[in-house]
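Below: the structure, in structure tokens.
Not measured: the values here are computed from a predicted model. When a ligand or atom number is given, it counts from 1 through the structure's own listing order.
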Amino acid sequence: MARVPFIAGNWKLNHGPKAAAALAMGLRDSLANRGDATLAVFPTALSIPAVLPILEGTGIHVGVQEINASQHGAFTGTNSAEMARELGCTYALIGHSERRQLFGETDADVRVKIDAAREAGLLPMVCIGETLQEREAGRVEEVVFRQLSAAFEGIEADVAATITIAYEPVWAIGTGVTATPAQAQEVHAKLRGWLATHYPAFVAEQTRILYGGSVKPDNAAELMSCPDIDGALVGGASLKAADFAGIVAGAVA
Ligand code: PGA
């Protein structure tokens with residue numbers, strides 16, 4: 001079964017409401033004829049209200065970069081999945097390596113946040129990936145399988161198939177060093193194999209596994225031509241409408 005390509009832009013802590021609105025307008029215009037692809041952007045939470053009305057009706061989804069495990073309460077400085085859903089978000093990014101490395105998010109946090117997203121009606125996009133040190137020590141499979149097992153612990157098959165996985169080797173994020181298509185495909189095939197051994201066949205067939213880490217217009221098409229790479233989670237290059245549109249064009253080519 002062919003999986004529909006999925007390209008997502010992680011804007012990280014960039015673009016306040018004005019710049020985010022301008023970027024959203026650029027995306028609306030440059031992605032009008034994008035063909036068959038799922039698209040989403042993750043603005044900083046403060047810019048989500050500026051972006052949503054511009055993208056309404058375009059089919060470009062808006063997601064939240066961080067959610068708390070709780071929907072409300074005494075948790076200063078975080079976001080609620082329910083509140084993001086109320087605004088009009090569709091996706092929640094969970095377990096990005098910057099959240100893991102800079103904010104101490106653990107595999108266990110990722111697991112509870114998947115529940116929080118689902119309770120609120122948001123679709124989880126779960127990020128996993130090894131550090132350079134782990135890769136050099138030959139531990140890629142061990143690390144990504146550990147992250148995946150923790151994230152999917154106790155998750156039923158029909159729910160598992162609604163989770164998007166983003167494989168983002170930490171050494172490729174924001175560094176300009178992209179995993180080669182062969183390196184990325186090797187890990188993606190293993191991740192799909194993991195799904196196939198833990199779930200009925202339809203889960204591995206349907207689940208979209210995105211690659212992230214220095215994806216640009218000039219390397220997107222080759223990466224996404226790999227059989228187990230179903231799209232991209234794009235950081236830096238998602239901040240320019242033309243670059244993001246170039247990546248989308250590479251994905252649907
Ligand atoms: P990058 O970021 O494209 O700037 O490497 C990817 C990400 O962090 O999702």
I'd like the atom pairs linking ligand 1 to the protein - N or O on both sides, separation under 3.5 Å - with distances to 0.1 Å.
{"unit_1": "ligand 1", "atom_1": "2 (O)", "unit_2": "Lys12", "atom_2": "NZ", "d": "3.4"}
{"unit_1": "ligand 1", "atom_1": "2 (O)", "unit_2": "Gly235", "atom_2": "N", "d": "3.4"}
{"unit_1": "ligand 1", "atom_1": "3 (O)", "unit_2": "Ser214", "atom_2": "N", "d": "3.4"}
{"unit_1": "ligand 1", "atom_1": "3 (O)", "unit_2": "Gly235", "atom_2": "N", "d": "2.8"}
{"unit_1": "ligand 1", "atom_1": "4 (O)", "unit_2": "Gly236", "atom_2": "N", "d": "2.8"}
{"unit_1": "ligand 1", "atom_1": "5 (O)", "unit_2": "Gly174", "atom_2": "N", "d": "2.6"}
{"unit_1": "ligand 1", "atom_1": "5 (O)", "unit_2": "Ser214", "atom_2": "N", "d": "2.7"}
{"unit_1": "ligand 1", "atom_1": "8 (O)", "unit_2": "Lys12", "atom_2": "NZ", "d": "2.7"}
{"unit_1": "ligand 1", "atom_1": "8 (O)", "unit_2": "His96", "atom_2": "NE2", "d": "2.7"}
{"unit_1": "ligand 1", "atom_1": "9 (O)", "unit_2": "His96", "atom_2": "NE2", "d": "3.3"}
{"unit_1": "ligand 1", "atom_1": "9 (O)", "unit_2": "Glu168", "atom_2": "OE1", "d": "3.3"}
{"unit_1": "ligand 1", "atom_1": "9 (O)", "unit_2": "Glu168", "atom_2": "OE2", "d": "2.6"}

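Among pairs with a residue in residues 83-134, those fulfilling ring-ring contact (aromatic ring centres under 6.0 Å, His included) read Phe6-Tyr91, His61-Tyr91, at least two apart in sequence or across chains. Each salt bridge (charged side-chain N to carboxylate O under 4.0 Å, His left out) pair with one or both residues in residues 140-155, not counting sequence neighbours, appears once here: Asp107-Arg146, Arg139-Glu142, Glu141-Lys190.
Taking 4.0 Å as the cut-off between side-chain N and carboxylate O, Glu66 and Lys113 count as a salt-bridged pair. Between Arg192 and Asp230 there is a salt bridge, with a side-chain nitrogen of the basic residue lying less than 4.0 Å from a carboxylate oxygen of the acidic one. Ionic pairing of Arg135 and Glu130 is present here: one or more N-O contacts between side-chain nitrogen and carboxylate oxygen are shorter than 4.0 angstrom.
Val177 shares a hydrophobic cluster with Leu132, Trp171; the chain of contacts runs through ILVMFWY side chains whose heavy atoms sit under 4.5 Å apart.
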